[in-house]
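Worksheet: the structure to be examined is printed underneath.
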Amino acid sequence: PCPANEVFIPPKFCDNRIVSSKYTVWNFLPKNLFEQFRRIANFYFLIIFLVQVIVDTPTSPVTSGLPLFFVITVTAIKQGYEDWLRHKADNEVNKYRVTVLEDGRRIRKESEKIKVGDVLEVEENETFPCDLILLQSSRDDGTCFVTTASLDGESNHKTHYTVPDTESDVESLNATIECEQPQPDLYKFVGRMHIYKNNEEPVLRSLGPENLLLKGATLKNTQRICGVAVYTGMETKMALNYQGKSQKRSVVEKSINAFLLVYLCILVSKALVCTTLKYVWQSKPGQDEPWYNEKTKKEKETNLYLNMFTDFLSFMVLFNFIIPVSMYVTVEMQKFLGSFFISWDKDFFDSEIKEGALVNTSDLNEELGQVEYVFTDKTGTLTQNNMEFIECCIDGHQYKYRDASSEVDGFCVTDGPVNRLQQKAGREREELFLRALCLCHTVQVKESTEQEVVPPPEEQRGFIASSPDEIALVKGAMRYGFTFLGLESKTMKLLNRNNDVEIYDLLHVLNFDPVRRRMSVIVRSKSGDTLLFCKGADSSIFPRVRQEEVERIRMHVERNAKEGYRTLCVAYKYLSEEEYVQVDSGLREARLALQDREQKLMAVYNQVETGMNLIGATAVEDRLQEEAAATMEALQGAGMKIWVLTGDKMETAKSTCYACRLFQRNTELLELTVRTLEFIGKRREDQLHDLLLEYHKKTNLSSLYCRSWSTQDYGFIVDGATLSMVLNSSSENNTNNYKNLFLQICQNCTTVLCCRMAPLQKAQIVKMVKNSKGSPITLSVGDGANDVSMILEAHVGIGIKGKEGRQAVRNSDYAIPKLKHLKKLLLAHGHLYYVRIAHLVQYFFYKNLCFILPQFLYQFFCGYSQQPLYDAAYLTMYNICFTSMPILAYSLLEQHISIEILLDNATLYREIGKNAMLRWGPFLYWTLLGVFHGLVFFFGVWFLFSNPALQDNGQVFGNWSYGTIVFTILVFTVTLKLALDTRHWTWINHFVIWGSLAFYVFFSFFWGGVIWPFMSQQRLYFVFANMLSSVSAWLVIIMLILLSLLPEILYVVLHKPRAPHARQSSTGGLQSPRSSARPLLMRTFSDESNTVI
Amino acid sequence: MMASSYSAKDEDGHITVSGPGGAALRNKKPENTAFKQQRLPAWQPILTAGTVLPAFFIIGLIFIPIGIGLYVTSNNIKEFEIDYTGDDVSSPCYNCAENFSWNSTKFCTCTIPFQLDQPYESNVFMYYGLSNFYQNHRRYVKSRDDSQLNGNMESLKYPSKECEPYAHSDNKPIAPCGAIANSMFNDTLELVYNDPNGTNVSISLVSTGIAWWTDKHVKFRNPGGSNANLSAVFQGTAKPVNWRRPVYELDADPENNGFINEDFIVWMRTAALPTFRKLYRIIQKKNNMAPTLPRGNYTLKVVYSILKATDLNSVIWMGKSAVSRIRFKFFQVR
């Protein structure tokens, strides 16, 4: 079968096992623990725990060990489960039985045992177990069809070709394959095959992506194929593509880390203060070791400095609760559970594609509420990417399709701007044009399956193509009488107006690429003429055709572009036999090249596509997405700056922007394009410089005079070429200067339109804005593969489940079916998530500060002896049980402003912008609140204890009663503080808040009601019950809770709601009618509550 | 399916949660439940002056009677405090304090006359107070063995090592062990009413009911059950070093002896602050006619035996730095 392969197998190919799992049963525990403790927080808690174990510390190791154990276990279980899933998936792939041809026999093997060079047989609807070179297909024409739905989501059938000369007899094939090193690009492959035939000179065949069947793709419409494995296991393109997606982190996380640092400083300084004071205090005789409280012998003997150090550690341990272990767990839980609300939202469900929103990461929920810049793709995102053929223009005559039945041929002429009074172009030209439309594309006809008896009616004939434009054009041609019937073994069939079938040989396809912006086919008609048809963007066609033809067409193209249509120009060229031979050999040579194949091909393409004749142009309408304008307006109202990044031409993009109301009637457009740069008598660079300065001055002026941008809106238009000039200007210092000017102009404009952008440029722009001053939060929306780079680059990447495949969705953080869902995703979900998590974080720090502060103060009254104020059970349970659930429920359910109001008032979004709730101001407020509460708790109870008779029967309370009273006040205050902040009381909130308090009371009774045999000291025995039997204790508890909450209540009550923000929409002084119609009560509520939190 | 249906991402043990979704959840319309759509019926309180101020008023109204009640009660509370520390030469206890520090074996009694200007009508609580005595020091607080105090025979013989260095004396286990027990307050206070007709009436001081009921009846138990012969049970244990008598001779009443002696229990409940008071005795109202303590002259007799001096003790007294001020206080509720 394939003996030659053995000659060429270098020893180092990996096997075909896919390993995506991280752990095995044996290394799970050590490896997972190691990875978990690599996290700073976990490591810190581990250290604290170890200190508690080693040093004689005030609190038992259980107090910090138990929560840590809990956190570690939960994480380990989760990661273990995920890894188990991975193992399962791996196994499914690796143990999959495949058929290998060995020595002429078919052997069933497990997929993981495939080696490079094995010849495999794959049947219909099976997936390929590794990357294969197609050798033989059961189809006659040496093709096979695959879908790569699981790779890039494109469900259309793609045609792959067998390597020429191999398909006849795989059994006797003797060949070697050279190919490039494995690389992740799915659409690139370069290789060479040497075929040896009995002692003849080896035949060389080039291998391209069309010969390569990717692992993970599925065979369709083909009974079986044979292929030879070239890349296996982790070297397959699929495996290479699933490695290392960069992790995005949210601003909130950065804030948390900053706050943690502050608290760590507080912790260390507290411990230092206490240690210092302790030794100052002890230096007086008799204080360190009074007669009633002697040290043990061992304690006496230890070194002073060692003692100091252990004392410091002890204080650290005593106060370590100020940094909450449970916060991480709660934050993770909040994010995980919270993200379900997005995928559950039925408003995001699209009945057309029967899908809702998809959450790929839950780490960025709150980032959705912080977006400042929105980068949006145009095609498929702002527009539907649902192309409709509107009109065409042949030789300067405009043809508009009206209704098939109104005229015999369904072809009518409306008067074009070139007034030629109902003239038609010659019939010949018309037909040539339509043939060009029918031939110049890569559309496939969907093959009807055999079960279908009745073939689908003509109009609904299914076409499959990677670009919807092509389908629209083919369908457009069909309406005018030219029907494309399909492509079979390199012949294209079409049905012309007279219902005759015309057959063309497809000689070459010069594929479309975004740089060339055109594509061509070379066909040979029955009559033997060799024709080249080319279609592409006007800018790329016009220079390649005769100028007088251009003038006739250009007007149409420009008018159509202005109306927002996508225009394509169609040109053709007759190739003489010699020309064709030259082209043919050039193409073949370029395709065989192992290196720089792309460039070589490009050169040949450019050479061929010259001197063409322009026939006409087409206009295809790409309708706006549903509610695109309203969505954009809402986002702008929310203070986001919207940048449209598109590969389309300026006129089309501009018209889309007008249609989306991104540009308003009174928007002053600042253009920085190739056109404006072409100023006579000046170098381009100079002109660029002047323009930049001028625009900068203009925009700066307006932003200086009026900080709100309602007076004059600026729109800024840049194109790709100019942008690269700005970014890659010749001299070093100029670049920076230009870049800054450019950024400043952009920042002062409401909308920026960047047209004619290459995918990489999109990412460049996003990166530039992302790294600009103030590092604003960016969001990218896109639907196609060309948006992936910017989706990955932005802080938040949103994929639209559009028609251009699923690559954007796969690489996005969140995917939504339609653009209009963006509004709710940001304005409602994002806003709520941000408020929730910000409150969660602040609250966590606050509650631990006022938990630990009394303990710190107590040190001043117990001779700095590290005596804990609270019992160990309370220390342990405070964060786990007593106060964790209410905040979790709050952070999942809170709607401080109802979703409807959030959606109606986009301006509300601005109030949380720039991380408003997690800045140092609010942090200081919460910290001061915590300090205040801690002081009130401690000294309130201290005051109580200055009175000896706390109980009616004259009995006295001890230190544990003191701690318990403080703790009771603490738990109630902290919970009620949250209750005060809660604006949205569902039954869950009620249950959890009152339930926590009830649980605390119940637990305290229970914990104090039993003599616990395993405890060495029964510190809390009946302490709680005795406390409740004292009227004074009751009074003090109630009074102190009220006193602590009083400022908060007063603030809420007396706080005057801020005047509603003046600017509602960008339409000058016109206020949005909605806002004024809003009921007064609702407004005060929403505006006020927004500021309370 | 392929291994590609999930994203294999997580690093450094960070909990990365990929949200719900994936292939399994596709093609499924989200359920239209109130919870999932975040439309649970909710009470949305609007805190404005209009809603909160009335609430404040109502709460205030409720508190007015409570306040009045408190005011009346606090007016009825009478306090009388006597400092018998004896660190002042004019103090009657000066000699005791001085002697006490030098001569550790003898009892010293001092008498302090005082006058009550107002009668004490109802039950009177007698407290003793100490200042600058760190009962809440960590080393002190943990220096006890609750298991021993609960009557566990094992712990009686082998006291917890938390009690060190007050766990063993002469190789015998100390019962009750620990620093707290060792430093128990054991001054004896007596109160004598100097009747105007010349007779001196000794006022009966009730020494039960001063400790928490649960402490006395559950937490503190004598070893060997309630009927055991205490001196036999405590055989083989040593008394705390500072004590004059062993624990089974604290009181003649078997219900108030040993570990369940209420003075002892009160002392064992460590105070929260370094200056504290503990309930010493209760003077109960005899009949409805006469006040518990009528107006007139009284004498307080202090058997100054507290805290039998040790070497250490004397050091402190000499240094005069950390003086435990012992106060005596009447306190009457209602």
Side-chain angles (χ1 to χ4, degrees), chain A residues 18 20 35-36 38-39 58 75 86 89-90 93 150 216 238 242 245 284-286 290-294 296 332 336 339-341 343-344 346 349 354-356 358-359 361-362 861-863 865-867 945 948-949 954-956 958-959 962 983-986 1016-1018 1021-1022 1026 1052-1053 1085, chain B residues 2-4 7-9 12-15 17-21 26-27 29-30 32 36-38 40 42-44 46-47 49 52 125 127 134 136-141 146 160 164-165 179 183 209-210 212 214 219 269-274 277-279 282 310 312-313 316 319 321-322 331 333:
Chain A
I18 290 280
S20 60
E35 292 199 344
Q36 288 206 45
R38 273 206 331 216
R39 242 185 132 187
T75 313
R86 266 178 237 145
D90 283 354
V93 175
S150 58
M238 187 195 82
Y242 284 100
K245 205 170 159 190
K284 284 197 230 158
W291 59 266
Y292 51 83
N293 190 10
E294 288 175 46
T296 57
E332 299 290 354
F336 175 64
S339 64
F340 277 94
F341 283 118
S343 48
W344 280 340
K346 72 173 163 53
F349 185 78
K354 300 235 181 319
E355 274 178 44
L358 180 73
V359 180
T361 170
S362 55
F861 295 89
C862 71
S865 60
Q866 301 123 23
Q867 170 64 22
F945 268 68
Q955 291 168 2
V956 291
N959 63 324
Y962 191 107
R983 289 281 168 282
H984 190 79
W985 286 81
T986 64
S1016 66
Q1017 293 203 10
Q1018 312 295 331
Y1021 187 69
F1022 263 79
N1026 254 302
V1052 172
V1053 171
F1085 159 46
Chain B
M2 299 307 303
S4 59
S7 47
K9 51 154 193 173
D12 65 53
H14 179 79
I15 311 175
V17 192
S18 36
R26 278 186 202 154
N27 301 332
K29 193 177 162 104
N32 189 10
K36 290 189 174 183
Q37 300 307 320
Q38 305 196 58
L40 280 179
W43 172 56
Q44 298 180 322
I46 301 163
L47 289 178
V52 174
F125 302 118
Y127 292 90
Y134 284 85
N136 57 5
H137 195 280
R138 180 158 73 95
R139 206 178 329 120
Y140 187 84
V141 168
D146 276 353
S160 155
E164 295 289 351
S183 58
I210 56 175
W212 292 10
T214 46
K219 190 174 172 183
R269 183 153 292 280
T270 48
L273 299 168
R277 274 162 224 159
K278 284 180 184 287
L279 186 56
I282 300 170
T310 60
L312 242 164
N313 193 0
I316 291 166
S321 59
F331 196 83
V333 180

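What you see below is based on every heavy atom in this structure, not just the backbone, and it leaves out hydrogens, waters and symmetry mates.
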Quiz item: Quick one: CD on B:Gln44 to CH2 on A:Trp985, what's the gap to the nearest 0.5 Å?
Solution: 12.5 Å
Quiz item: About how many Å separate CH2 of B:Trp43 and CZ of A:Arg983, when rounded to the nearest 0.5 Å?
Solution: 10.0 Å
Practice problem: Sort out for me which of B:Gly209, B:Ala179, B:Ala272 touches chain A most, counting heavy-atom pairs under 4.5 Å. | Solution: B:Ala272
Shortest non-hydrogen contact from [X] toward [Y]:
| X | Y | result |
| --- | --- | --- |
| A:Lys346 | B:Gln37 | N-OE1, 2.8 Å |
| A:Thr986 | B:Ala42 | CG2-CB, 3.9 Å |
| A:Gln866 | B:Arg138 | OE1-NH2, 2.7 Å |
| A:Trp344 | B:Pro30 | O-CB, 3.0 Å |
| A:Phe1022 | B:Trp212 | O-CZ3, 3.7 Å |

Self-check item: Structural part of A:Asn1026 lying under 4.5 Å from a heavy atom of chain B
Solution: side chain
Quiz prompt | Set of residues satisfying ring-ring contact (aromatic ring centres under 6.0 Å, His included) with respect to A:Tyr1021, sequence neighbours excluded | solution = none
Practice problem: Check whether any side-chain N or O of A:Gln867 sits under 3.5 Å from a backbone N or O of B:Arg139 as a donor-acceptor pair, and report yes or no. | Solution: no
Self-check item: Check: B:Asp146 main-chain N/O paired with A:Gln1018 side-chain donor or acceptor under 3.5 Å
Solution: no
Quiz prompt | Contacting region of B:Ser160 [heavy-atom separation from chain A under 4.5 Å] | solution = neither
Quiz item: chain A heavy atoms under 4.5 Å from B:Ile210: which part of the residue, side chain, backbone, both or neither?
Solution: backbone
Quiz item: Are B:Tyr127 and A:Val956 side-chain neighbours, meaning at least one heavy-atom pair lies under 4.5 Å?
Solution: yes
Exercise. Please identify each residue that fulfils side chain to side chain donor-acceptor pair (under 3.5 Å) with B:Thr270, with sequence neighbours left out.
Key: A:Asn959
